[in-house]
Undergrad: 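Below you'll find the structure I mean.
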There are 2 protein chains.
Amino acid sequence: MERADAARNRARILEAAAALFAAEGAPNVTMDDIARAAGVGRGTLYRRYPDRASIALALLDEHERVLQEKLLRGEPPLGPGAPPAERLAAFYSAMVELLEDHAHLVLGAETGRSRFETGAYGFWRAHVHALVTAAGTPAPDALADTLLAPLAPDLYTYQRDRGLTPDRITAALTHLAKAALS
Amino acid sequence: MERADAARNRARILEAAAALFAAEGAPNVTMDDIARAAGVGRGTLYRRYPDRASIALALLDEHERVLQEKLLRGEPPLGPGAPPAERLAAFYSAMVELLEDHAHLVLGAETGRSRFETGAYGFWRAHVHALVTAAGTPAPDALADTLLAPLAPDLYTYQRDRGLTPDRITAALTHLAKAALS
DNA sequence: GTGCAAGCGGACACGGTGTCCACTTATGGG
DNA sequence: CCCATAAGTGGACACCGTGTCCGCTTGCAC
């Protein structure tokens, strides 16, 4: 059971972190900043979240769960029922939305390889792997990662900064999905 | 004009850095390590290379130039003359070879977004963009980045660590190339 | 009200980065 | 051949972020 003050502090930490990530960009926010903004000590912060990535993960968790639920049990084409190529295209489109809303705040903290170690990546990977296998393409193991690569938060923010619109990125991904799983 | 001792130190720095990157993995090597191994002071090191990424870049430069030359003026299918889909597949294959030889040593230093800021990425991007445009696909701007994403060094080392072989990765990329630019 | 464990927070040590400046040395002109 | 000079050198230093540790506080159950 969690003590009341602990719960309150957890909420304050997440709230403060979300605000700071949004204002400064996740990589520019230090653990110290977060602790100070939340009005807690460093020790308290580290007790729950050993690093920035785990805070980002906690902030993302809810949004990811919603999408995961839709993939497993939602309506086609996102959920089961549609042909693999269309399910992949729908997944891409949903992920672009998710990135558009949250990449600049949060995903920036998942720098480099740590991205692949998260549970979320495992889920996306399993989903795409199933689609790829259903479509009967060669080397499904490798192809699943390959098809997830364009969703790297780093790449997305880079593309957005270069002036590409979400629509245009989605268009490219839709073409890719249809072509790769035909 | 560069003084003789400066040239000698530059060579020693690059040699020491290459050895350390190979032995310890690029992210685990500090600037101090490199300076000590090269037998120069920190100031000397920083004078030429302000960070690890610039050292990695210098080490990669030669290999990248060779491939770039082949893309511009080499034999088909890598060079001009073959259909876009086959040129892209050949490019993927060559990049996998390059990653296999050097990713674990060097590309690890190009962490996160800095990858996109390098001249090399610009070159790959222009090349793929030309192929994509020639193939007449929609949203060529976005698609060029999308098709380069699977070559991220982070992803490559992750796939290799998970047991995927270069052959298998190349197979997935070949399928992707043929499918995307048909 | 009281005992106590969970929670708290700031002080601390560590390690890496990047800067700065007094010293050294190669180089080219006299 | 030697000297003036500017490029080059190297290590000391200050700064910053991280993560840990431990004495104190506080909520909770009885």
Side-chain angles (χ1 to χ4, degrees), chain A residues 1-59 105-106 108-115 117, chain B residues 1-59 105-106 108-115 117:
Chain A
M1 137 178 353
E2 186 182 40
R3 261 167 57 168
D5 53 347
R8 184 167 19 105
N9 277 336
R10 183 211 303 294
R12 287 167 69 181
I13 287 170
L14 289 180
E15 190 183 350
L20 283 173
F21 287 175
E24 317 279 346
N28 304 320
V29 178
T30 72
M31 293 296 253
D32 215 86
D33 292 337
I34 298 171
R36 215 167 329 112
V40 304
R42 301 175 55 68
T44 305
L45 179 56
Y46 274 96
R47 157 178 293 264
R48 286 202 187 55
Y49 304 108
D51 50 34
R52 250 192 317 278
S54 62
I55 303 180
L57 223 62
L59 286 171
L105 311 181
V106 176
E110 291 181 15
T111 188
R113 283 202 48 148
S114 76
R115 174 173 175 242
E117 320 283 342
Chain B
M1 142 181 345
E2 185 182 44
R3 261 168 55 167
D5 53 348
R8 187 168 15 114
N9 277 338
R10 185 210 303 293
R12 287 168 69 181
I13 287 170
L14 290 181
E15 190 182 351
L20 283 174
F21 286 175
E24 318 279 346
N28 305 319
V29 177
T30 71
M31 293 297 255
D32 215 88
D33 292 338
I34 298 172
R36 214 166 331 112
V40 304
R42 299 177 53 70
T44 305
L45 178 57
Y46 273 97
R47 158 178 293 265
R48 287 203 186 55
Y49 304 108
D51 50 33
R52 252 192 316 280
S54 62
I55 302 180
L57 224 63
L59 286 171
L105 310 181
V106 175
E110 290 182 15
T111 190
R113 283 202 49 147
S114 76
R115 172 171 177 242
E117 321 284 341

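From a predicted model like this one, the values you see are computed outputs, not experimental measurements.
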Undergrad: Looking at E15(A), I want to see if its CD is surrounded by more than 12 non-hydrogen atoms of other residues, nucleotides or ligands under 6.0 Å.
TA: no
Undergrad: Without decimals, in angstroms, what is the distance between Y49(B) OH and dT19(C) P?
TA: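 Checked: the OH to P distance equals 17 Å.
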Undergrad: To the nearest Å, how far apart are R10(B) CZ and dA7(D) C1'?
TA: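 Checked: the CZ to C1' distance equals 14 Å.
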Undergrad: Between dG8(D) atom C1' and L45(B) atom CG, what is the distance in whole Å?
TA: 14 Å
Undergrad: Table please: side-chain donor-acceptor pairs of residues 45-54 of chain B below 3.5 Å, with sequence neighbours left out.
TA:
residue, atom, partner, partner atom, Å
R48(B), NH2, A6(B), O, 2.9
D51(B), OD1, A53(B), N, 3.4
D51(B), OD1, S54(B), N, 3.0
D51(B), OD1, S54(B), OG, 3.4
R52(B), NH1, V29(B), O, 2.8
S54(B), OG, D51(B), O, 2.7

Undergrad: Rounded to the nearest 0.5 Å, what's the gap from CG on L59(A) to CG on L14(A)? Could you check?
TA: 5.0 Å
Undergrad: Could you grab the distance from atom CZ of R8(A) to atom CD of E2(A), nearest 0.5 Å is fine?
TA: 11.0 Å
Undergrad: Working to the nearest 0.5 Å, report the span between CZ of R36(A) and CZ of R42(A).
TA: 9.0 Å
Undergrad: Against T30(B), only a single residue in N28(B), D32(B), D33(B) fulfils side chain to side chain donor-acceptor pair (under 3.5 Å); can you say which?
TA: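 Of all the options given, the one that passes is D33(B).
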Undergrad: Is any side-chain heavy atom of R12(A) closer than 4.5 Å to a side-chain heavy atom of N9(A)?
TA: yes
Undergrad: Within the structure, does a side-chain N or O atom of N9(A) lie under 4.0 Å from either OP1 or OP2 of dC8(C)?
TA: yes
Undergrad: What string of B, S and - do you get for nucleotides 10-18 of chain C, 5' to 3', when a contact is any protein heavy atom under 4.0 Å?
TA: BB----SBB
Undergrad: Could you encode protein contacts along nucleotides 22-30 of chain D as a string, one character per nucleotide from 5' to 3', using B for base contact, S for sugar-phosphate-only contact and - for no contact, with a heavy-atom cut-off of under 4.0 Å?
TA: ----BSSS-
Undergrad: Calculate, to the nearest 0.5 Å, the distance between atoms CD1 and CD1 belonging to I34(A) and I55(A) respectively.
TA: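 Reported value, rounded in 0.5 Å steps: 4.0 Å.
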Undergrad: So what does R48(A) hit on the nucleic acid, given a heavy-atom distance under 4.0 Å: a base, only sugar-phosphate, or nothing?
TA: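 Result for R48(A) = sugar-phosphate.
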